[in-house]
**Q** 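Below are the structure tokens for one structure; questions will follow.
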Amino acid sequence: MEDFFELAGQKFRSRLIVGTGKYKDFAETKEAIEVSGAEIVTVAVRRVNITDPNKENLLDYLDPKKYTILPNTAGCYNADDAVRTCRLAREAGVGKLVKLEVIGDDKTLFPDVPATLDAAKILVKEGFIVLPYITDDPITAKKLEDIGCAAVMPLAAPIGSGLGIRNPYNIRIILEHAQVPVIVDAGVGTASDAAVAMEMGCAGVLMNTAIASAKDPILMAEAMRQGVEAGRKAYLAGRIPKKLYATASSPLDGILN
Amino acid sequence: MRFFIAMRVKINGEERVVDDGLTLTALLESLQIRPGRVVVERNRDIVPRDSYNATSIDDGDTIEIVHFVGGG
């Protein structure tokens with residue numbers, strides 16, 4: 001069965017979007033991403049170390065022809081910095097896709113929603129394809145969709161927390177009303193968390209720490225690929241309703257007496 | 001005869017002294033940075049890649065040179 005993830009007119013086979021931070025080295029980053037099956041990978045924009053510029057570059061390991069590069073605005077605490085970061089990223093020549101995150105506080109890393117809305121307006125006007133990281137708030141999701149964002153990315157739980165979906169009911173409300181893909185971004189801890197998001201009908205899951213900081217990142221990358229695939233298939237297959245009492249699986253006719 | 005005067009510029013937050021009339025291409029070369037993997041901002045304006053040669057650095061300029069790193 002053909003099941004594509006469509007994002008801003010582009011088709012992807014994988015519904016798992018992975019980050020490239022926190023890995024031991026670029027070789028491990030590359031291997032984990034290959035095993036995850038992800039086709040979209042997030043990256044951050046940072047200053048080049050000018051005292052040691054000959055360090056290897058991430059893009060030497062991740063071919064932008066093979067992967068869709070999704071630059072993020074991590075570390076930005078206001079709309080201006082986020083917009084500036086996106087413009088710099090676009091100049092790097094990897095496309096117009098950006099993961100917009102305007103952080104509100106460094107303890108929770110929750111988004112600053114008003115600043116995210118401000119930045120999204122500017123970026124959409126400038127032709128960016130904006131994927132905003134947001135709290136699991138259906139109103140914010142709707143506002144960002146109305147602004148013209150290509151998807152909405154509510155968090156499952158705080159970034160790097162591994163708590164899984166803390167408020168599935170809010171995600172359900174977002175899913176019910178969204179006309180754009182809903183991607184759960186941040187807070188996934190293990191494969192079942194990813195599967196739960198997909199079973200609920202999310203279009204995709206974005207994660208970094210859950211893979212990169214696992215004891216065996218390569219094996220976890222595979223588990224996440226399978227978790228996302230299993231959850232997606234279960235969603236498409238349509239699960240049975242939950243019931244309080246038993247329903248026999250074996251026929252009642254022909255029982256020995 | 002032309003005299004080379006040293007200029008003070010700020011590159012990625014660090015004060016540096018460079019030759020007068022240095023182009024951006026020459027600056028990147030002197031820093032051993034491959035131009036294909038970076039994006040440069042001069043005084044908060046992005047410099048398009050095809051104008052590195054035509055961009056000369058002025059005294060007091062603030063230059064930011066960025067690239068992609070691992071991130072989530």
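The figures that follow rest on heavy atoms only: side chains count, while hydrogens, waters and symmetry mates do not. Residue numbers start from 1 in every chain, and the chains themselves are labelled A, B, ... in the order their sequence lines are given, proteins ahead of strands.
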**Q** Will you find, in the side chains of A:Lys99 and A:Thr73, an N or O donor that is under 3.5 Å from an N or O acceptor?
**A** no
**Q** If you round to the nearest 0.5 Å, how far is OG of B:Ser56 from CE of B:Met7?
**A** 8.0 Å
**Q** Can you say whether B:Val38 sits under 4.5 Å from chain A via the side chain, the backbone, both, or neither, judging by heavy atoms?
**A** side chain
**Q** Against chain B, label A:Ala74 side chain, backbone, both or neither, depending on which of its atoms sit under 4.5 Å from a heavy atom there.
**A** neither
**Q** Given a strict heavy-atom distance threshold of 4.5 Å, which part of A:Val41 is in contact with chain B: side chain, backbone, both, or neither?
**A** neither
**Q** A:Arg47 vs B:Glu64, test: salt bridge (Lys or Arg N to Asp or Glu O under 4.0 Å). Steps then yes/no.
**A** CA-CA 7 Å; A:Arg47 281 173 167 169; B:Glu64 294 287 348; 2.7 Å; yes
**Q** A:Leu58, A:Asn72, A:Asn57, A:Thr209: which one forms the most heavy-atom pairs within less than 4.5 Å of chain B?
**A** A:Asn57
**Q** Give, as side chain, backbone, both or neither, the part of A:Ala212 having an atom under 4.5 angstrom from any heavy atom of chain B.
**A** neither
**Q** To the nearest 0.5 angstrom, please state how far the CD1 atom of B:Ile63 sits from the CG atom of B:Asn43.
**A** 6.5 Å
**Q** Please identify, among B:Asn12, B:Val39, B:Ile11, B:Val40, the residue contributing the most non-hydrogen atom pairs under 4.5 Å to chain A.
**A** B:Asn12
**Q** Out of curiosity, B:Gln32 CD to A:Asp52 CG, how far, rounded to the nearest 0.5 Å?
**A** 9.5 Å
**Q** Counting only heavy atoms not in B:Arg8, do more than 12 sit closer than 6.0 Å to its CZ atom?
**A** no
**Q** Using non-hydrogen atoms only, which part of B:Arg16 is less than 4.5 Å away from chain A: side chain, backbone, both, or neither?
**A** side chain
**Q** Counting only heavy atoms closer than 4.5 Å, note whether A:Asp60 contacts chain B via side chain, backbone, both or neither.
**A** both
**Q** Going by ring-ring contact (aromatic ring centres under 6.0 Å, His included), name the residues that satisfy it together with A:Phe5, two or more places apart in sequence or in a different chain.
**A** none
**Q** I'd like to verify something: which residue of A:Leu59, A:Ile17, A:Val18 has the highest number of heavy-atom pairs under 4.5 Å with chain B?
**A** A:Leu59
